[in-house]
**Student:** 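Below is one structure. I have some questions about it.
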Amino acid sequence: MKKVIVTRRWPKAVEDELKAHYNVELNEADIPFDTARMQYALQNADAVLPTVTDKLDADVFKIDNIQASVIANYGVGFAHIDTDAAKAHNITVTNTPDVLSDCTADVAMTLMLMVARRAGEGERELRSGNWTGWRPTHMVGSKVTGKTLGIVGFGRIGQAMAMRAHHGFGMPILVQNRSMVAPKVLAACNAVQVENLDELMRQSDFVSFHCPGGDANANLVNAKNLALMKPSAFLINTARGEIIDEAALFDALSSKQIAGAGLDVFRGEPALDPRFMEMPNAVMLPHLGSATVETREAMGFRVLENMEAFFAGNTPGDKVA
Ligand code: DGY
């Protein structure tokens with residue numbers, strides 16, 4: 001039986017399936033691996049199953065006697081894995097796309113509605129006992145229906161977001177994407193691809209980020225392009241924390257240069273810039289994009305499919321390196 005090390009607790013149904021097919025070492029205590037434990041995993045397992053909370057940078061791979069031949073990541077984003085270093089050690093890397101697109105887009109919609117309609121603020125007021133009753137001027141927010149949504153990164157999650165916003169809320173869709181998007185894909189929600197991010201930030205009432213993280217997109221959102229946004233516009237991030245210069249976002253929010261932000265991911269999470277805690281026009285969730293029973297199980301089973309293909313000598317469907 002192949003030896004498999006899992007770095008975090010997974011849904012029980014998936015852990016049971018793993019146990020049925022592999023010699024599995026689970027992380028019962030669910031404490032994130034440090035470097036030494038990750039290196040132990042690479043040296044003692046045929047497959048290591050990490051996730052977004054693990055750091056597999058070049059230094060982690062600077063060890064002898066690596067046994068692992070596959071790193072099957074639980075999650076679609078894999079910027080936390082140095083794929084060049086993995087490849088240099090002849091290790092295949094896989095991820096889990098598709099199965100989390102709907103739920104992640106649902107959370108982006110949740111944030112968009114919450115921040116525009118001041119749902120977080122409203123709930124805090126009610127729970128604190130400070131609600132004094134209905135009045136025409138009470139906690140007035142921004143209408144969402146019919147407003148222009150700019151989507152950055154038009155992969156599976158970006159497209160799922162566009163479908164919801166366009167067909168559910170009548171929102172015109174603008175798209176910014178590294179490569180040209182096929183006309184058929186744009187036509188599915190009558191979307192228009194713009195030249196560049198500046199253009200998208202300038203024209204949109206909401207800007208939602210669905211691009212990969214990592215060095216390539218670090219500080220994609222910065223003081224310069226935040227200044228291009230309308231003062232009535234909102235920014236939504238369910239992608240990765242590092243794509244935003246958080247100090248610049250804080251300044252834009254506190255000076256009302258933009259109207260608000262909905263954030264599911266943070267640079268250095270779970271640690272936050274404490275100043276965001278006091279920011280009424282920021283709605284924040286603890287990285288819940290894929291957090292449904294259905295999706296978290298589907299992600300695990302997708303890892304199993306990738307491993308099964310790999311150990312059968314085939315190319316896994318979700319090989320990324
Ligand atoms: C993903 O799949 O990338 C989610 O953000 C969880 O890692």
Side-chain angles (χ1 to χ4, degrees), residues 5-11 14-15 27 30-33 38 48-57 60 70-83 86 93-112 151-161 178 208-218 220-221 235-244 246 261-272 283-307 316-321:
I5 295 184
V6 189
T7 68
R8 300 302 300 261
R9 282 318 301 255
W10 283 15
V14 192
E15 287 189 349
N27 181 356
D30 206 16
I31 295 166
F33 278 23
M38 190 60 78
V48 177
L49 314 189
T51 190
V52 63
T53 53
D54 297 307
K55 199 168 173 201
L56 285 123
D57 60 10
V60 171
V70 60
I71 293 174
N73 185 59
Y74 180 97
V76 66
F78 55 91
H80 54 285
I81 303 170
D82 188 322
T83 50
V93 181
T94 62
N95 70 343
T96 62
D98 301 321
V99 291
L100 44 65
S101 304
D102 283 332
C103 285
T104 306
D106 289 349
V107 162
M109 287 299 299
T110 303
L111 287 169
M112 186 166 79
I151 296 184
V152 181
F154 212 53
R156 288 160 283 231
I157 302 173
Q159 289 172 40
M161 176 72 173
R178 267 179 311 190
S208 188
F209 287 83
H210 301 281
C211 53
D215 291 344
N217 284 335
L220 191 64
V221 177
L235 181 147
I236 311 297
N237 187 15
T238 52
R240 282 291 182 265
E242 66 265 20
I243 70 168
I244 294 182
E246 287 181 352
L263 308 170
D264 187 46
V265 286
F266 304 87
R267 190 184 287 260
E269 62 184 53
L272 294 190
V283 171
M284 296 179 288
L285 296 176
H287 203 150
L288 295 182
S290 60
T292 61
V293 173
E294 294 86 345
T295 290
R296 290 285 164 86
E297 287 187 353
M299 290 163 73
F301 288 121
R302 190 88 173 209
V303 171
L304 270 152
E305 278 171 37
N306 285 321
M307 274 205 301
D318 304 319
K319 182 174 192 285
V320 292

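Just follow the structure's listing: the first ligand is 1, and inside any ligand the first atom is 1. Every value quoted in this text rests on a predicted model; they were computed, and no experiment measured them.
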**Student:** For F154, give me all partners under ring pair (Phe, Tyr, Trp, His ring centres under 6.0 Å), at least two apart in sequence or on another chain.
**Tutor:**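 None.
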**Student:** Would you confirm whether E242, through its side chain, and A218, through its main-chain N or O, come within 3.5 Å as a donor-acceptor pair?
**Tutor:**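 Looks like no, no N/O pair under 3.5 Å.
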**Student:** Donor-acceptor check, side chain of E269 to backbone of G241, threshold 3.5 angstrom: yes or no?
**Tutor:** no
**Student:** Identify, chain by chain and in numerical order, each protein residue with a heavy atom under 4.0 Å from an atom of ligand 1.
**Tutor:** V52, G75, V76, G77, L100, R240, H287
**Student:** Is there a donor-acceptor pair closer than 3.5 Å between any side-chain N or O of N27 and the backbone N or O of I31?
**Tutor:**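 It does hold such a pair.
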**Student:** Got a donor-acceptor contact below 3.5 angstrom from the T51 side chain to the Y74 backbone?
**Tutor:** yes
**Student:** Between K55 and V60, is any pair of side-chain heavy atoms under 4.5 Å apart?
**Tutor:** no
